[in-house]
Engineer: 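Pasting a structure here, questions to come.
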Amino acid sequence: MPEGHTLHRLARRLDAHLVGSPVAVSSPQGRFAREAALLDGSRLLAAEAWGKHLFLDHDDDRVVHVHLGLYGRFDVTRTPGEGVPAPVGQVRMRLVAEDGPKGPAYADLRGATACELLTSAERAAILARLGPDPIQGHDPTPAWERIRVSRSPIGTLLMDQSVLAGVGNVYRAEILFRHGVHPLRLGRSLRRPVFLAMWEDLRVLMADGVRTGRIETVRDEHREELEALGAAAGRRRRSRSYVYKRTGEPCVVCGATVRGDVLAARNVFWCPHCQPAPRRRAVR
DNA sequence: ATGACATGATAAA
DNA sequence: TTATCCTGTCATA
């Protein structure tokens with residue numbers, strides 16, 4: 001689940017249900033117990049996201065930095081009347097607002113790659129290493145300045161959080177498909193209008209993701225065909241993407257067989273017809 | 001029961 | 001490049 005849209009959605013949910021009130025902080029699993037004890041009873045002032053990072057501002061210049069990594073979750077639940085249930089599984093951090101903005105609520109963090117107590121100065125240091133974030137409507141210029149001179153593949157640059165923040169493997173695959181760009185094209189071979197169109201598209205798609213909580217990249221006109229192709233391929237769950245995890249299945253647009261490979265330890269997917277391979281650089 | 005895998009990132013080699 | 005961490009889910013046995 002966790003690409004940038006997930007974290008922004010989370011910031012929004014925390015803001016709606018927990019921010020502004022005193023929170024009980026605990027670590028049922030124990031790995032955040034010392035910090036939780038320090039924070040217990042503090043007031044949660046704000047929840048903010050930048051790319052895939054989430055920051056919880058508590059009073060007294062204390063910031064909880066959360067990064068969900070590959071499989072972390074942070075579930076925010078309202079508990080009108082019922083009281084808070086016993087923790088299930090490995091709950092690293094639990095926040096409970098008895099008197100949240102919309103009534104009692106709690107949030108359980110599991111599996112995060114980062115859950116740490118920082119100062120606001122330390123948070124600033126993390127932000128300084130992140131590129132612009134499409135979800136925040138940032139100016140894409142700093143990202144473009146990196147890409148236009150880079151000898152790295154655009155598929156790698158899109159995932160580099162210091163180039164731009166928030167894009168993960170699904171949005172990467174899908175945005176490249178939607179713009180007919182092969183993942184191995186070098187950054188410096190891209191034309192500016194193409195990158196700016198990708199950025200604008202990311203801005204819209206990821207904003208949708210914040211609203212719906214899921215990554216939807218397939219245009220209405222292709223939904224039915226995708227469904228039919230999925231059924232024909234005998235897949236158990238229907239796909240919601242053009243190329244992501246569709247290796248070996250036909251492209252919805254042109255029928256070519258979607259390809260998959262590993263780039264920088266991550267799976268990449270593309271259509272060999274809609275996303276023509278770059279001319280191989282002369283090697284010698 | 002066991003193992004592979006995942007929408008991530010880092011440190012070491 | 002590889003190993004490693006974090007946890008849950010799904011497929012296979």
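Computed over heavy atoms, backbone and side chain alike; hydrogens, waters and symmetry mates excluded. So that the names make sense, note that chain A is the first sequence line, chain B the second, and so on, each numbered from 1.
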Engineer: Keeping the roles fixed (side chain from A:Thr79, backbone from A:Glu82), state whether a donor-acceptor pair exists under 3.5 Å.
Structural biologist: no
Engineer: Which atom pairs link the protein and nucleotides 9-12 of chain C when you take only N or O atoms and keep those under 3.5 Å?
Structural biologist:
residue: C:dA11; atom: OP1; partner: A:Arg236; partner atom: NE; Å: 2.4
residue: C:dA11; atom: OP1; partner: A:Arg236; partner atom: NH1; Å: 2.7
residue: C:dA11; atom: OP1; partner: A:Arg236; partner atom: NH2; Å: 3.1

Engineer: Apply ring-ring contact (aromatic ring centres under 6.0 Å, His included) to A:Trp144 and list each qualifying residue two or more places apart in sequence or on a separate chain.
Structural biologist: A:Phe195
Engineer: Please indicate whether A:Arg219 has more than 12 foreign heavy atoms, meaning atoms of other residues, nucleotides or ligands, lying under 6.0 Å from its CZ.
Structural biologist: yes
Engineer: Using the six-membered ring wherever Trp is involved, compare the ring planes of A:His65 and A:Phe55 and label them parallel, tilted or perpendicular (cut-offs 30° and 60°).
Structural biologist: parallel
Engineer: Rounded to whole angstrom units, what separation is found between the CZ atom of A:Phe269 and the C1' atom of B:dT7?
Structural biologist: 11 Å
Engineer: Which residues end up grouped with A:Val204 if you chain together Ile, Leu, Val, Met, Phe, Trp and Tyr wherever their side-chain heavy atoms are less than 4.5 Å apart?
Structural biologist: none
Engineer: To the side chain of A:Gln29, which of C:dT7, C:dC5, B:dT7 is closest?
Structural biologist: C:dT7
Engineer: Could you tell me if A:Gln90 and A:Arg110 have a donor-acceptor pair between their side chains, going purely by distance under 3.5 Å?
Structural biologist: no
Engineer: For the residue pair A:Arg34 / A:Ser27, report whether a side-chain donor-acceptor contact shorter than 3.5 Å exists.
Structural biologist: no
Engineer: With sequence neighbours excluded, give me every salt bridge (charged side-chain N to carboxylate O under 4.0 Å, His left out) pair touching residues 95-104 of chain A.
Structural biologist: none
Engineer: Between A:Ala112 and A:Ala265, which is nearer to the 5' end of DNA chain C once each is assigned its nearest nucleotide?
Structural biologist: A:Ala265
Engineer: Taking atom C1' in both B:dT7 and C:dT1, what distance in whole Å separates the two?
Structural biologist: 23 Å
Engineer: For A:Thr141 and A:Asp139, does a side-chain donor sit closer than 3.5 Å to a side-chain acceptor?
Structural biologist: yes
Engineer: Measure all distances between protein nitrogen or oxygen atoms and nitrogen or oxygen atoms of nucleotides 3-6 of chain B, and list the pairs falling under 3.5 Å.
Structural biologist:
residue: B:dA6; atom: OP1; partner: A:Asn267; partner atom: ND2; Å: 3.3

Engineer: Where each pair must be Watson-Crick or G-U wobble with both distances under 3.5 Å, what dot-bracket representation of DNA chain B is obtained, with crossing pairs in [ ] and other-strand partners as |?
Structural biologist: ||||||.|||||.
Engineer: Just how far, in rounded Å, is C1' of C:dT7 from CG of A:Leu68?
Structural biologist: 12 Å
Engineer: Between A:Leu130 (CG) and B:dA9 (P), how many Å, whole number?
Structural biologist: 9 Å
Engineer: Atom CG of A:Leu7 and atom C1' of B:dG8: how far apart are they, to the nearest Å?
Structural biologist: 11 Å
Engineer: Let me see the working for A:Arg240 and A:Glu216 under salt bridge (charged side-chain N to carboxylate O under 4.0 Å, His left out), right down to the final yes or no.
Structural biologist: CA-CA 6 Å; A:Arg240 296 179 177 282; A:Glu216 291 282 0; 2.8 Å; yes
Engineer: When the side chains of residues 129-138 of chain A are checked against the rest of the protein, which donor-acceptor pairs come out under 3.5 Å, sequence neighbours left out?
Structural biologist:
residue: A:Asp133; atom: OD1; partner: A:Ile135; partner atom: N; Å: 2.9
residue: A:Asp133; atom: OD2; partner: A:His8; partner atom: NE2; Å: 2.7
residue: A:Asp133; atom: OD2; partner: A:Gly51; partner atom: N; Å: 2.8
residue: A:Asp133; atom: OD2; partner: A:Gln136; partner atom: NE2; Å: 2.9
residue: A:His138; atom: ND1; partner: A:Asp133; partner atom: N; Å: 2.9

Engineer: Rounded to whole Å, how long is the line connecting atom CG of A:Asp108 with atom P of C:dG8?
Structural biologist: 11 Å
Engineer: Which ILVMFWY residues can you reach from A:Leu45 by hopping between side chains whose heavy atoms are under 4.5 Å apart?
Structural biologist: none
Engineer: Could you list who else is in A:Val91's hydrophobic cluster, with ILVMFWY side chains joined at under 4.5 Å, directly or through other members?
Structural biologist: none
Engineer: Separation of A:His65 atom NE2 from B:dG8 atom P, in whole Å?
Structural biologist: 15 Å
Engineer: Could you work out the complete set of other residues in the hydrophobic cluster of A:Tyr106, with links drawn between I, L, V, M, F, W and Y side chains under 4.5 Å apart?
Structural biologist: A:Val84, A:Val96
Engineer: Tell me: CG of A:Leu54 to P of B:dG8, nearest whole Å?
Structural biologist: 16 Å
Engineer: Would you jot down, in residue-number order, the residues of residues 87-95 of chain A having a non-hydrogen atom under 4.0 Å from DNA chain B?
Structural biologist: none
Engineer: Can you check whether A:His67 has a side-chain N or O nearer than 4.0 Å to OP1 or OP2 of B:dA9?
Structural biologist: yes
Engineer: I'd like to know whether CZ of A:Arg235 has more than 12 heavy-atom contacts from other residues, nucleotides or ligands below 6.0 angstrom.
Structural biologist: yes
Engineer: Between C:dC5 atom C1' and A:Glu116 atom CD, what is the distance in whole Å?
Structural biologist: 14 Å
Engineer: Select one nucleotide: of C:dT7, B:dG8, C:dT2, the one nearest the side-chain heavy atoms of A:Arg31.
Structural biologist: C:dT7
Engineer: Heavy-atom count check: over 12 atoms from other residues, nucleotides or ligands less than 6.0 Å from A:Arg223 CZ?
Structural biologist: yes
Engineer: Below the 4.0 Å mark, does B:dT7 have OP1 or OP2 next to a side-chain nitrogen or oxygen of A:Lys52?
Structural biologist: no
Engineer: What parts of residues 194-208 of chain A reach DNA chain B, counting only heavy atoms under 4.0 Å away?
Structural biologist: none
Engineer: Under the salt bridge (Lys or Arg N to Asp or Glu O under 4.0 Å) test against A:Asp57, which residue among A:Arg43, A:Arg62, A:Arg123 passes?
Structural biologist: A:Arg123
